[in-house]
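Structure record follows, encoded as structure tokens.
None of the values given here were measured: they were computed from a predicted structure. Reckoned from all heavy atoms, side chains included, excluding hydrogens, waters and symmetry mates.
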Amino acid sequence: MLQTEKGTDLHEEIDGVIDDVLKKIRNSSVDVKVVGIGFATFCMNLIAVDMNGQPVGKDATLSYACSSSEVTNECEWLKSHIGIEKEDALYQRTGTPLHSSYALPQLRQFYSNPTMSSLADRIVVWQTLSSSCLSRWRGIPFSHVSFSEASWTGLLNFRTCEWDKEAVSLLPEECQQHMPPLCDFSDEVMPSGGMRCQKIGENNMEGNPYWDRWPELRGTDENGNPRCRLFLGLGDGACANIGSNCWDNQKFSVTIGTSAAARVRVPMSIGNTVDNFYVPQGLFCYRIDRSHVLVGGALTDGGSVIEWARNLLNLEDEDDFAACVAEVENLLNQEYERCLDGFLSPSAVSVAPFLSGERSIGFRDGASFCVSGLTRNSTRAHFLKACFEGVILRLQAILRLLQKGVEIGKRKPRIVVSGAALEKNALWRQMLADCSGLQVQYDTFSEEGTSRGVAMMVAVSLAMERDMSTDSRIYLINETKGESVYSSPRLPITESYWAIAIEDQDSLIDAVSQIW
């Protein structure tokens, strides 16, 4: 059983969501037909299963959040073992650096831990959460893993869509035998992509309980016609991009929720290196599907920095917080005016917003939060302003690399934002526009962007397979009509201010990184 923090079975929790949705569909006055089910999954995640497809134990589960000092030590050993040249070559094939948030050091640490040997002996294959669910529903012990989810592990060659031979060779031999087969999220891995009437595994004669529980999800109807396709998982970051209508490289998606990220979708078919595309150091490149990759960077702490600062500064009350944000805006405008008059502030407060270590762009596991420039005249508004700016400046570091490393044409790209932290905070969106020098677009109608993105991916795949109407295809790939709010950079007023802020933060990080 995969146990949640509440002590419940995670698989049953997910099954319950499907039950609730199907119940509403059955009780609806509108005739609704389920033609496909897709997954947007928390990446990366891995679950070890036995010969019957059952999880071998909670300690045999991995995620990007499963970092530890032992995993960090594995990273350091790997770097010294393979050397800089091979490390860079590995980065260019997998699109990921050697970092504790990826599977290679985590798997090495798991298999080398003697207390895990009894679990390791029972492993037949590693699955993802979505593949594990789909196996249960289809009545089979295990499933393929999608290129998308595999790419987030840091073990996939994103150019060939195969497990990277050199990366896998660094895993213990027994682990190498447990790697799952791969395919695209939309590939047929079962007849009609649906459920079996009987289960395969421990008892071949046992019926599949989902066959009668969810008849809407059967692959074919009684006449053999296609009914419902079950799709493999897609990375949540890729789905967030697509759900924000960031289909091409003229739109950069910036998300700030608890964490933060900036990403762009780039066309790249399997085997096509796009003129030997080079992954900029500090960014990632994940495979989305057989035709596209996702290039970008992520911060472990985004909105979490502001939540932490609110607790620290006793700003939990919404009115108090709103009043402090108004003070932040006044301070920012005053700084803009000073810069415009030629007065550059040498005592500005600057932070390195690494409450939980650093991912992009330095990928330093030991990084921690640091503040510089506080004086006896500093107020809580100065500190909160520095926290807002600290996150924006790290996102700008990612955006700078994206603009240099990705072919975007002659026009300036536009930023499309999502995530509760940005959606609720107009000042933060304006800071992003001012710092980046790019127009920022917030679509008020684009709620649940990640769920919307996976629905769009599934619908486009079905449209291509089943020759749906032209109108459907146009709806899926064009922008949905609704209200958009734009924040334009206030250049040249803001230019010198943010140039100084970038320099101050870079200097701070360079100085304190020596002790991380």
Side-chain angles (χ1 to χ4, degrees), residues 240-241 244-246 248-257 259-264 296-299 302-303 305-306 322 325-340 348 350-351 353 360-361 384-404 406 408-446 449 479 482-506:
N241 248 59
S244 300
N245 288 310
C246 294
D248 56 43
N249 52 11
Q250 282 295 310
K251 289 184 178 180
F252 291 171
S253 172
V254 172
T255 303
I256 303 182
S259 56
R263 304 167 291 234
V264 61
L299 312 177
V305 174
I306 303 307
V325 170
E327 290 180 48
V328 168
E329 187 168 14
N330 287 334
L331 286 173
L332 183 63
N333 289 333
Q334 289 171 19
E335 293 286 356
Y336 284 167
E337 290 175 6
R338 285 171 58 84
C339 283
L340 196 61
S350 183
V351 305
S360 299
I361 60 175
L384 185 63
K385 172 176 169 287
C387 289
F388 277 126
E389 291 178 347
V391 175
I392 292 297
L393 290 168
R394 297 327 297 155
L395 285 170
Q396 172 59 11
I398 297 170
L399 290 166
R400 224 168 29 215
L401 289 176
L402 280 177
Q403 291 181 83
K404 290 179 180 178
V406 176
I408 57 175
K410 295 181 180 180
R411 288 186 302 157
K412 273 192 172 185
R414 179 188 301 168
I415 293 173
V416 180
V417 299
S418 61
L422 275 178
E423 291 168 3
K424 296 176 181 178
N425 196 315
L427 175 60
W428 222 359
R429 296 197 301 271
Q430 186 61 56
M431 282 183 172
L432 179 60
D434 292 341
C435 182
S436 67
L438 302 175
Q439 187 177 60
V440 170
Q441 175 182 336
Y442 162 47
D443 296 329
T444 58
F445 55 85
S446 186
E479 295 185 4
E483 183 183 357
S484 295
V485 178
Y486 295 95
S487 303
S488 297
R490 295 174 289 187
L491 301 175
I493 298 173
T494 60
E495 199 165 16
S496 58
Y497 175 82
W498 287 102
I500 296 167
I502 290 169
E503 184 178 341
D504 286 348
Q505 190 188 60
D506 287 346

[X] versus [Y]: any side-chain heavy-atom pair under 4.5 Å?
X      : Y      : answer
Trp498 : Gln396 : no
Phe388 : Leu332 : no
Val417 : Trp428 : no
Ile306 : Cys387 : yes
Gln505 : Pro353 : yes
Val351 : Val305 : no
Glu423 : Ile256 : no

Check [X] against [Y] and note the closest heavy-atom contact, atom names and distance.
X      : Y      : value
Ser484 : Asp443 : OG-OD1, 2.5 Å
Ser488 : Gln439 : OG-NE2, 3.5 Å
Ala262 : Val254 : CB-CG2, 4.0 Å
Thr255 : Ser253 : OG1-OG, 3.9 Å
Ala421 : Gly303 : CB-CA, 4.3 Å
Val440 : Arg429 : CG2-O, 4.0 Å

Measuring from atom [atom1] of [X] to atom [atom2] of [Y], what distance do you get when rounded to the nearest 0.5 angstrom?
X      : Y      : atom1 : atom2 : answer
Ser350 : Lys385 : OG    : NZ    : 9.5 Å
Leu432 : Leu393 : CG    : CG    : 10.5 Å
Arg263 : Ser360 : CZ    : OG    : 11.0 Å
Ser244 : Ile415 : OG    : CD1   : 12.5 Å
Thr444 : Gln441 : OG1   : CD    : 10.0 Å
Ile502 : Glu389 : CD1   : CD    : 11.0 Å

Chi angles and distances behind the side chain to side chain contact (heavy atoms under 4.5 Å, CB included) call for Val328, Leu427: CA-CA 9 Å; Val328 168; Leu427 175 60; 3.8 Å; yes
Worked verdict on Arg394 versus Ile361 for side chain to side chain contact (heavy atoms under 4.5 Å, CB included): CA-CA 8 Å; Arg394 297 327 297 155; Ile361 60 175; 3.7 Å; yes
From CA spacing to verdict: side chain to side chain contact (heavy atoms under 4.5 Å, CB included), Asn333, Arg490: CA-CA 11 Å; Asn333 289 333; Arg490 295 174 289 187; 3.9 Å; yes
Check: Tyr497/Asp434 side-chain N/O donor and acceptor closer than 3.5 Å: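 The criterion, which ignores hydrogens and geometry beyond distance, is not satisfied for Asp434 and Tyr497.
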